[in-house]
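Remarks on the structure that follows.
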Amino acid sequence: MAGIVVVFDFDKTIIDLDSDNWVVDELGATDLFNQLLPTMPWNSVMDRMMKELHEQGKTIKVIEEVLKRAPVIPRVVPAIKAAHALGCDLRIVSDANLFYIETILNHLGISDCFTEIHTNPGYVDEEGKLRIRPHHDFHASSHGCSSNTCPPNMCKGLVIERIQASLAKEGKKRMIYLGDGAGDFCPSLKLKEQDFVMPRKDFPVWKLINENRDLVKAEIHGWSDGEEQEHILLQIIKTVSMEDNQFLSVDCKFQTIPINAVHEAMPKPLPVPY
Ligand SMILES: Cc1ncc(C[n+]2csc(CCOP(=O)(O)O)c2C)c(N)n1
Ligand SMILES: [Mg+2]
């Protein structure tokens, strides 16, 4: 479906934990991480942690090996491959970092399924040390979103607005957004009536959406595990495709018949389970 853009959060939406915590915990650096966290923003702590790990002799290779062992939510990889095969345009919007995300996607063999990754820059410097930079340079200026659910380094709502502006030019019509965290609430509010939001049930974004239903214009479909994520995502894609094909038939073949008469004669698309 060339007209559908599917936006995935990464941590706890594709992999089953927060990648930052996974790397820090697996490399035995949890205590230092917890000491630093009250003193600076999360994003800055992560850059500092990579410096500490480098000094301890933990190489990029070691970090890569830890990332490759990160647990992936079962059925999410087949769901991504199926959505891609159906022609959807898949993207990632994440507050993790590019090095972690690319390492894991390459390992899973699904990098080519995604057209864009919006996240914090992560790169290996000339000393072989991983550097993690903010997506938005909050030292220079605020990103300007006043929602208390957006961290200083990234407002996913602003990212979605930029994607929406470029989609309008590409003729892509509908967006499906999947996420779990508080940072996924702001982008959920930016979605339009024709869009879909898939919050992970009983995770922070689920609670925020349920407390603010009046503010959410998109259709809401919760999911708990990967099987449910796969089923709901593919069902939405199929339903949207059927609707679009119906309108195509009406436009192309039945232009002289009143649109309501044609529409009523058409089989109804299957309801999407909530
Ligand atoms: C108050 C506060 N606590 C924690 C964090 C950091 N944080 C929370 S979830 C997460 C993973 C995001 O990846 P994804 O967007 O892929 O789920 C990160 C980096 C924060 N920014 N602010
Ligand atoms: Mg997440």
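Indexing begins at 1, ligand by ligand and atom by atom, following the structure's order. These values consider heavy atoms only, across backbone and side chains, with no hydrogens, waters or symmetry-generated copies.
- Between atom 12 (C) of ligand 1 and the options Asn148, Asp180, Asp95, the minimum heavy-atom separation is to Asp95.
- Note on the Mg ion (ligand 2): protein N, O or S atoms under 2.8 Å away count 3, no waters included.
- Considering backbone and side-chain atoms alike, Phe10 places an N or O below 3.5 Å from some N or O of ligand 1.
- Assignment of Ala96 to the shell around ligand 1 is supported, since a heavy atom sits closer than 4.0 Å.
- Relative to atom 16 (O) of ligand 1, the option among Ser94, Gly183, Pro204 with the closest non-hydrogen atom is Ser94.
- One side chain, Asp184 or Tyr177, offers a donor N or O that lies under 3.5 Å from an acceptor on the other.
- Sorted by first and then second residue, the ring pair (Phe, Tyr, Trp, His ring centres under 6.0 Å) pairs with a member in residues 84-105 form an empty list; sequence neighbours excluded.
- The nearest heavy-atom contact from the protein to atom 11 (C) of ligand 1 is Asp11 OD2, 3.1 Å.
- Nearest protein neighbour of atom 19 (C) of ligand 1, counting heavy atoms only, is Trp42 NE1, 3.2 Å.
- For the 3.5 Å distance criterion, the side chains of His118 and Glu116 qualify, holding a donor opposite an acceptor.
- Of all the listed residues (Asn21, Val205, Asp18), Asp18 holds the heavy atom that lies closest to atom 9 (S) of ligand 1.
- The protein atom (non-hydrogen) at minimum distance from atom 22 (N) of ligand 1 is Pro151 CB, 4.6 Å.
- For atom 17 (O) of ligand 1, the closest non-hydrogen atom of the protein is Asp9 OD1, 2.7 Å.
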